[in-house]
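What follows is a set of notes on a single structure, which appears directly below.
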Amino acid sequence: MNYLWGFMILIGVIFAAFNGTLPEVTEAAVSSAKEAVALCITMMGVMSFWVGIMRIAENAGIIEGATKKMKPFLRFLFPNIPKDHPANQCIATNMIANVFGLGWAATPAGLKSMEELSKLEAERGTPGYVSEGESIFADGRKMRNKAGKNGGELPAAASGKSGRVASKEMCTFLILNISSLQLIPVNMIAYRSQYGSVNPAGIIAPAIVATFISTAVAVVYCKMRDRKRRV
């Protein structure tokens, strides 16, 4: 991506030089930098507010309560994740943040979800997720070349060529995260307000319809892929 942006900037400068519009390019660069700083300050305030709200909800037990309410939905989407696994709460937190359009607030929960799903794969003994020389006990603990108390060892993964392959749960979570339903697209409303929209919140209804359809398609696609794997 860095090479792509660098190439685009270089082409723009060369084109401006040949067409005698370098002063316009310089002026645009300066004004755009000023706009970028102003936008960052605006979004920093919005993000700080909503991330704080999410943290208050988490500490007050609201997120945990919402996770319990979402258990049937999570079990439907991720039937192979153990009921009490920490990944469930991380996924639920990410989904809640996305529903309220808090993409930046959802990012930490999304990263944590992938981390927990990675640990789950290590517990399963999936190749690429267990370090060389380590073994995984049936209770999920890592040990080095020792016998386990609870059912013995699962085979350690071979390092190097095997690499890591995203699990079914990881792929499902990523698809749902990208297509997430949004009731209040806070970030988009903030962008529209920053750039002088007469009705910044006018995007709410179209966003609900568009993201509902994308989420429904994502769920159907994931379940169809699961069914094909079983067959």
Side-chain angles (χ1 to χ4, degrees), residues 1-58 90-91 93-115 118 163-164 166 170-222:
M1 186 62 72
N2 291 335
Y3 289 114
L4 176 62
W5 283 109
F7 175 75
M8 291 173 64
I9 293 171
L10 181 61
I11 290 296
V13 172
I14 294 174
F15 182 82
F18 278 103
N19 286 273
T21 57
L22 276 178
E24 286 81 356
V25 171
T26 303
E27 183 180 350
V30 173
S31 61
S32 297
K34 180 180 178 181
E35 280 188 24
V37 172
L39 180 62
C40 286
I41 293 173
T42 300
M43 298 308 297
M44 186 184 300
V46 174
M47 182 182 67
S48 299
F49 174 75
W50 285 104
V51 169
I53 292 294
M54 289 295 294
R55 182 55 60 89
I56 291 172
E58 184 178 346
C90 296
I91 292 172
T93 303
N94 176 267
M95 287 184 172
I96 292 169
N98 274 324
V99 164
F100 289 102
L102 308 175
W104 290 349
T107 300
L111 295 174
K112 185 65 176 177
S113 299
M114 281 298 188
E115 182 182 337
S118 177
R164 293 190 179 189
M170 290 178 178
C171 294
T172 300
F173 172 70
L174 183 60
I175 293 171
L176 292 172
N177 186 64
I178 293 171
S179 63
S180 178
L181 171 68
Q182 289 191 6
L183 298 180
I184 308 174
V186 175
N187 288 346
M188 292 305 300
I189 292 173
Y191 286 133
R192 286 165 60 86
S193 177
Q194 173 68 22
Y195 288 105
S197 173
V198 177
N199 183 17
I203 196 176
I204 291 179
I208 291 175
V209 174
T211 55
F212 176 81
I213 294 174
S214 66
T215 302
V217 171
V219 171
V220 171
Y221 173 79
C222 290

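- Partners of Ile213 under the side-chain contact (heavy atoms from CB on, under 4.5 Å) rule, at least two apart in sequence or in another chain, are Val209, Val217.
- Going from atom CD1 of Ile14 over to atom CG of Leu22 covers 10.5 Å, rounded to the nearest 0.5 Å.
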Met114/Leu174 under side chain to side chain contact (heavy atoms under 4.5 Å, CB included): CA gap, chis, key distance, verdict: CA-CA 9 Å; Met114 281 298 188; Leu174 183 60; 4.2 Å; yes
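- With sequence neighbours excluded, the residues forming a side-chain contact (heavy atoms from CB on, under 4.5 Å) with Leu176 are Leu77, Phe78, Met95, Thr172, Ala218, Val219, listed by chain and number.
- Residues satisfying the side-chain contact (heavy atoms from CB on, under 4.5 Å) criterion with Leu4, sequence neighbours excluded, are Met1, Met8.
- Under a 3.5 Å cut-off, the side chain of Thr211 and the backbone N or O of Leu181 do not form any donor-acceptor pair.
- Rounded to the nearest 0.5 Å, atoms CG (Asn94) and OG (Ser113) are 5.5 Å apart.
- Legend: side-chain hydrogen bond (donor to acceptor under 3.5 Å, both in side chains) pairs involving residues 23-32, not counting sequence neighbours: none detected.
- For Ala166, the side-chain contact (heavy atoms from CB on, under 4.5 Å) partners at least two apart in sequence or on another chain are Met170, Cys171.
- When the options Leu183, Thr215, Asn177 are evaluated for a side chain to side chain contact (heavy atoms under 4.5 Å, CB included) with Asn98, the one that passes is Asn177.
- The shortest side-chain heavy-atom distance between Ile189 and Ile204 falls under the 4.5 Å cut-off.
- Sorted by first then second residue, the salt bridge (Lys or Arg N to Asp or Glu O under 4.0 Å) pairs that include residues 40-55, not counting sequence neighbours, are Arg55-Glu58.
- Note: Ser214 OG to Ile178 CD1 = 10.5 Å, rounded to the nearest 0.5 Å.
- Between atom OG of residue Ser180 and atom CD1 of residue Ile96 there is a gap of 11.0 Å, rounded to the nearest 0.5 Å.
- Remark: the backbone N or O of Pro200 is not paired with any side-chain donor or acceptor of Ser193 at under 3.5 angstrom.
- Counting heavy atoms from C-beta on, the side chains of Ile203 and Pro185 come closer than 4.5 Å.
- Judged purely by atom type and a 3.5 angstrom limit, Arg192 uses its side chain to pair as donor or acceptor with the backbone of Asn199.
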